[in-house]
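Notes follow once the structure below has been shown.
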Amino acid sequence: MDALDSRFLREFLIVACEGSIRRAAERLNIAPSAISRKLAEVEARLGVALVARSAQGITLTDAGRLVREHALVQQDEQTFLLDQIGKFREAGGQVVRIAVGEGFAADLMQNGLAPLGARHPHLRFRIDLAGTEEIQRRVVEGEVDLGIAYNPVPTEATRSVAFARQPLCAVVPVGSPLAAREHIPLAEMLAEPLAMLDARHGIRTLVARAASDLGLALRPQVETSSIAALIRYVGAGMGGTFLPRFSASIQAERGEVAIVDLDEESLQHVSAHLMVRARRRLPQSAAVTVDYLAAHMVAFRD
């Protein structure tokens with residue numbers, strides 16, 4: 001029997017994703033010993049270790065990462081083939097899996113999926129919110145079909161099918177004197193009451209680095225992991241925050257907040273990206289979704 005048969009490759013992808021044979025076994029509803037035995041047999045046939053075991057779980061070796069890449073390609077090609085011969089269309093449409101940063105959610109729904117779904121009612125979507133690093137990981141490891149992220153670190157494992165420069169802006173209460181300004185210096189913005197994303201978010205890192213270059217400290221009144229909470233903070237007139245324009249454009253159009261450019265060079269060269277796994281042939285459902293989101297989401301307009 002071929003060591004890298006399709007069943008083993010499917011199971012190996014789950015082991016790699018979970019980082020634990022026990023968790024993979026629970027997900028597959030089979031005994032952990034069965035996975036361990038099959039993995040050991042394949043390693044013996046190939047003559048190399050695919051995983052390194054420790055008390056914390058398993059990590060992939062260089063050979064294991066090559067096998068995972070092969071398994072992902074096989075999975076992608078099977079999905080592409082079934083889509084081409086119409087299997088998914090007959091079953092009601094393949095589910096398009098999207099990982100997205102919270103700041104894109106309103107734009108994605110209002111300008112992307114709502115009109116796309118009306119035009120292509122057979123399409124189905126699964127949406128997961130995640131941070132930029134997690135979005136990239138899920139795209140690379142085949143857990144999602146596409147990712148939408150703010151200012152990701154470039155990598156050869158992903159391909160940006162759409163991107164646009166999206167500077168970080170000041171979002172301020174409509175009644176604030178700052179709302180009438182064309183530009184606000186970062187130092188002046190930092191002197192105002194602020195709500196900010198916590199240290200796990202890339203936006204916080206961008207602002208902290210720019211503030212440090214000016215010899216200034218961040219002292220936010222409110223810290224949160226929620227962009228929705230930031231916008232409500234501003235809408236309540238409590239103070240300002242920092243977001244790319246598309247994250248609050250809907251609320252700005254409603255007159256709930258004001259968005260003003262920041263006069264800070266280092267915060268101008270950041271961008272929004274629509275990403276897929278490098279070298280992957282997308283099934284029709286995912287390709288249609290990518291093309292529509294790239295053309296209609298505010299985040300991908302310069």
Side-chain angles (χ1 to χ4, degrees), residues 100-107 129-133 135-136 148-154 160 163-273 297-302:
V100 59
E102 185 196 357
F104 295 90
D107 185 17
L129 298 181
T132 296
E133 289 185 5
I135 291 169
Q136 286 183 289
I148 305 174
Y150 189 60
N151 212 42
V153 176
S160 291
F163 62 92
R165 189 175 68 88
Q166 292 289 353
L168 209 55
C169 297
V171 184
V172 298
V174 291
S176 166
L178 297 177
R181 303 271 291 276
E182 291 187 4
H183 300 274
I184 303 173
L186 178 60
E188 189 172 344
M189 187 66 181
L190 291 175
E192 297 290 318
L194 292 173
M196 295 196 66
L197 291 170
D198 59 35
R200 294 172 294 178
H201 291 75
I203 287 176
R204 175 63 173 264
T205 303
L206 286 169
V207 177
R209 187 181 300 123
S212 177
D213 289 345
L214 296 173
L216 301 172
L218 299 182
R219 297 186 178 87
Q221 182 182 32
V222 172
E223 293 186 62
T224 179
S225 62
S226 168
I227 288 177
L230 294 182
I231 294 173
R232 290 186 178 184
Y233 171 90
V234 178
M238 295 178 66
T241 192
F242 300 97
L243 289 171
R245 185 174 294 275
F246 63 83
S247 293
S249 60
I250 293 173
Q251 292 82 359
E253 289 172 3
R254 294 174 183 160
E256 298 170 5
V257 301
I259 304 174
V260 185
D261 291 333
L262 283 167
D263 190 11
E264 176 56 45
E265 182 67 19
S266 65
L267 301 181
Q268 304 302 309
H269 304 292
V270 287
S271 52
H273 290 250
M297 284 181 64
V298 174
F300 302 116
R301 302 175 195 163
D302 283 315

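Values in this document were obtained by computation on a predicted structure and should not be read as measured data.
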Can any side-chain N or O of [X] pair as donor or acceptor with the backbone N or O of [Y] at less than 3.5 Å?
| X | Y | answer |
| --- | --- | --- |
| Ser226 | Ala229 | yes |
| Thr241 | Leu230 | no |
| Arg165 | Ser271 | no |
| Asp107 | Ala299 | yes |

Closest contact, heavy atoms only, [X] versus [Y]:
| X | Y | value |
| --- | --- | --- |
| Ile135 | Ile148 | CD1-O, 3.3 Å |
| Leu129 | Glu102 | CD2-CA, 4.0 Å |
| Pro167 | Val270 | CA-CG2, 3.8 Å |
| Val234 | Val171 | CG2-O, 3.7 Å |
| Glu264 | Gln268 | O-NE2, 3.2 Å |
| Ile250 | Ala106 | CD1-CB, 3.6 Å |

_I'd like to know whether CZ of Arg301 has more than 12 heavy-atom contacts from other residues, nucleotides or ligands below 6.0 angstrom._
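Check passes, neighbour count above 12.
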
*If you count the non-hydrogen atoms of other residues, nucleotides and ligands that lie under 6.0 Å from CZ in Arg245, is the total more than 12?*
yes

Point-to-point distance, once rounded to the nearest 0.5 Å, from [atom1] of [X] to [atom2] of [Y]:
| X | Y | atom1 | atom2 | value |
| --- | --- | --- | --- | --- |
| Ile227 | Ser247 | CD1 | OG | 5.0 Å |
| Gln251 | Leu243 | CD | CG | 9.5 Å |
| His201 | Glu223 | NE2 | CD | 11.5 Å |
| Arg209 | Leu267 | CZ | CG | 9.5 Å |
| Ile203 | Leu168 | CD1 | CG | 5.5 Å |
| Glu265 | Asp213 | CD | CG | 12.0 Å |

*Give the intermediate values and the outcome of side chain to side chain contact (heavy atoms under 4.5 Å, CB included) for residues Asn151 and His273.*
CA-CA 7 Å; Asn151 212 42; His273 290 250; 5.8 Å; no

*Step by step, work out the salt bridge (charged side-chain N to carboxylate O under 4.0 Å, His left out) result for Asp261 and Arg181.*
CA-CA 9 Å; Asp261 291 333; Arg181 303 271 291 276; over 6 Å; no

For residues [X] and [Y], determine if any side-chain heavy atom of one lies less than 4.5 Å from a side-chain heavy atom of the other.
| X | Y | result |
| --- | --- | --- |
| His183 | Leu262 | no |
| Phe242 | Leu194 | yes |
| Glu192 | Leu178 | yes |

*List the steps and the verdict of side chain to side chain contact (heavy atoms under 4.5 Å, CB included) for Asp263 and Leu186.*
CA-CA 6 Å; Asp263 190 11; Leu186 178 60; over 6 Å; no

*asked:* Does the plane of the ring in Tyr150 sit parallel, tilted or perpendicular to the ring in Phe246? Use 30° and 60° as the thresholds.
replied: perpendicular

*Could you walk me through whether Gln221 and Tyr233 pass the side chain to side chain contact (heavy atoms under 4.5 Å, CB included) check?*
CA-CA 10 Å; Gln221 182 182 32; Tyr233 171 90; 2.6 Å; yes

*Val222/Met196 under side chain to side chain contact (heavy atoms under 4.5 Å, CB included): CA gap, chis, key distance, verdict*: CA-CA 6 Å; Val222 172; Met196 295 196 66; over 6 Å; no

